[in-house]
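All values reported here derive from a predicted model rather than from experimental measurement. When reading the values below, keep in mind they use all heavy atoms of this one structure, side chains included, and skip hydrogens, waters and symmetry mates.
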Amino acid sequence: MRGALRERFGGLPRSYWVLWGGTLINRLGTMVQPFFAFYLTGSRGLSLAQVGAVLTVFGAGAFFSQLLSGHLADRYGRRITLTGGMLATAVIMLVLAYSQNIAVIVACMFLLGVAMEIYRPASSALVGDIIPTKDRTRAFALLFWAVNLGFTGGVLTGGLLAESAILWLFWIDAVSCVVFGLLVWFLVPASQEAPRADVPGSFRDVARDRVMMVFVAITLAYAVVYHQSMITLPLAMRADGLDPTAYGIALAANGVVIVLVQPLVVNWLGKFDHSTVAAVGMAVVGLGFGLTMFVSSTAGYTATVVVWSIGEIVVTGVSAAIATNLAPPHLRGRYMGVYGFAFSLSNLISPVFGTWLLGIGQAVLWSTLAALSVVATVAQLWIAPAIRERTLVSVA
């Protein structure tokens, strides 16, 4: 038992566990975002149309945060970018909590959208800086586990407080951001960061990397498929006569599978070729969504969620490791920013694309998502030799 634990969790530096622990604390405190609609309609009395507009503004801010963070992480450093983003999030969160004026609320929501996601590329670049290539899959997979473990606990606690003490959500969220930022600032040595300002580079260098840009396109296709779990899946279940509770049960299976399975496979996934593992994961995600066209009950939908959740576990750890391995050290922040931007872009594309397909028919929606996953799988295998070659360079 001790040997199995050491194999999965051992050998990673102290700095990584500071980042892991800070991420877990921050995700446990992530209570505001899932309950934005309750706050805006209940505490501030906004109409549904106003809520929609405000949430769109938040999304617009988040759309640019990945690229901004990538630039800042390379130019000024991972620690200062991550800590600055967390502290800014905490301040904006508290200003928003006590704002009464609609203009101030809109401005805070835009700034919050920018600040909340700044930590991601900086965090990923920091993992690339402090973790050797051979261990990056395991490191990213464990970090993904911490995110899901913390977020699950945060949402459950937030749900209990949202009705009677919603201001507590803002304070808990803000404090968790401050703790995360300060942990990284004081306990992660600056000497472990890659060189930044003294080495020239820009996003044009990333755009000229054909392998990276194909990989980003693959990531975008995967993200469009995955995001349907929060867009068209609940709509399809409602069309089958199922209530929101059924959707909650089905989606809860996703968190349960990740929390239980992720720690068991973190070390195993790293033993295989990254591109092959990512391709298999994308195929399993496509299978899960494709099977959805054959189900109509809560149990059936839950079973399909379990299938694509297993694929999600496989994809997530190796996908971030691939992007990190493709990046030169001085451009690692920008590379991870572009990688994260694929998910931000998907947030804009997925609602329109998914609802349009659903309007044609459920069979069209789920079969198209399965086909898109097959395309992503084939493309991932196509660029696999180039990724293997670049990974060997990263190891060297």
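Using a 4.5 Å heavy-atom threshold, the side chains of Ile310 and Val257 count as touching. When side chains are defined from C-beta on, Leu12 counts as touching Leu142, because their heavy atoms get closer than 4.5 Å. Looking at heavy atoms from C-beta onward, Leu233 lies in side-chain contact with Trp366 at the 4.5 angstrom threshold. Proximity of Trp308 to Val225: side-chain heavy atoms (C-beta onward) are nowhere separated by under 4.5 Å. Proximity of Phe58 to Met116: side-chain heavy atoms (C-beta onward) are separated by under 4.5 Å at one or more points. In this structure, Pro263 and Trp145 have side chains that are in contact, with non-hydrogen atoms separated by less than 4.5 Å. Within the 4.5 Å cutoff, side-chain heavy atoms of Leu67 are placed close to those of Phe203. At least one side-chain heavy atom of Leu19 sits under 4.5 Å from a side-chain heavy atom of Leu82.
Connection of Leu96 to Val91 is not established within any shared hydrophobic cluster, with ILVMFWY side chains joined at heavy-atom distances below 4.5 Å, either directly or through further cluster members. Cluster membership for Leu365 and Leu235, using ILVMFWY side-chain heavy atoms within less than 4.5 angstrom, is shared. If you chain together hydrophobic residues whose side chains sit under 4.5 Å apart, Val280 and Val375 never meet in one group. Transitive grouping of hydrophobic side chains (ILVMFWY, heavy atoms separated by less than 4.5 Å) brings Val224 and Leu348 into a common cluster.
Test Ile118, Leu126, Val184, Leu68 against Thr81 for side-chain contact (heavy atoms from CB on, under 4.5 Å) and you get one pass: Ile118.
Scanning both residues, Val265 and Ile313, for their nearest heavy atoms gives CG2-CG2, 3.8 Å. Looking at every heavy atom in both residues, Gln362 comes nearest to Ala239 through NE2-CB, 3.9 Å. In this structure, Ala376 and Ala221 approach most closely via the heavy-atom pair CB-CB, 4.3 Å.
Applying the side-chain contact (heavy atoms from CB on, under 4.5 Å) criterion to Val277, with sequence neighbours excluded, gives Leu269, Phe272, Val314, Val318. Every residue meeting the side-chain contact (heavy atoms from CB on, under 4.5 Å) condition with Ala125, not counting sequence neighbours, appears here in chain and number order: Arg78, Arg332. For Arg334, the side-chain hydrogen bond (donor to acceptor under 3.5 Å, both in side chains) criterion is met by His71, Asp74, not counting sequence neighbours. Residues forming a side-chain contact (heavy atoms from CB on, under 4.5 Å) with Val104 (at least two apart in sequence, or on another chain): Ser99, Asn101, Cys108. In this structure Leu24 satisfies the side-chain contact (heavy atoms from CB on, under 4.5 Å) test together with Trp20, Leu28, Ala146, Leu149, sequence neighbours excluded. Residues passing the ring-ring contact (aromatic ring centres under 6.0 Å, His included) test with Phe110, sequence neighbours excluded: none. Residues passing the ring-ring contact (aromatic ring centres under 6.0 Å, His included) test with Phe341, sequence neighbours excluded: Phe63. With sequence neighbours excluded, the residues satisfying ring-ring contact (aromatic ring centres under 6.0 Å, His included) with Phe343 are Tyr339.
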With a cut-off of 3.5 Å and sequence neighbours excluded, list every side-chain donor-acceptor pair involving residues 299-307.
residue : atom : partner : partner atom : Å
Tyr301  : OH   : Asp240  : OD2          : 2.4
Thr302  : OG1  : Thr298  : O            : 2.7
Thr304  : OG1  : Tyr301  : O            : 2.7

Anything under 3.5 Å between a donor and an acceptor, one on a side chain of residues 206-215, the other on a protein residue two or more places apart or in another chain? List them.
residue : atom : partner : partner atom : Å
Arg208  : NH2  : Asp205  : OD1          : 2.9
Asp209  : OD1  : Val211  : N            : 3.3
Asp209  : OD1  : Met212  : N            : 3.2
Asp209  : OD1  : Arg390  : NH1          : 3.3
Asp209  : OD2  : Tyr335  : OH           : 2.6
Asp209  : OD2  : Arg390  : NH2          : 2.5

I'd like a table of donor-acceptor pairs (distance under 3.5 Å, sequence neighbours excluded) in which one partner is a side-chain atom from residues 285-295, with atom names and distances.
residue : atom : partner : partner atom : Å
Thr292  : OG1  : Gly288  : O            : 3.1
Thr292  : OG1  : Phe289  : O            : 3.1

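Remark: the Gln228 side chain and the Thr232 side chain contain an N/O donor-acceptor pair separated by less than 3.5 Å. Under the 3.5 Å distance criterion, with hydrogens and angles disregarded, a donor-acceptor pair is assigned to the side chains of Ser346 and Ser350. Counting only N and O atoms by type, the side chains of Gln66 and Ser344 include no donor and acceptor under 3.5 Å apart.
Rounded to the nearest 0.5 Å, atoms CE (Met93) and CZ (Phe170) are 7.5 Å apart. The structure places CG of Leu182 at 9.5 Å from CG of Leu187, a figure rounded to the nearest 0.5 Å.
Under the salt bridge (charged side-chain N to carboxylate O under 4.0 Å, His left out) criterion, no residue pair touches residues 229-238, with sequence neighbours excluded.
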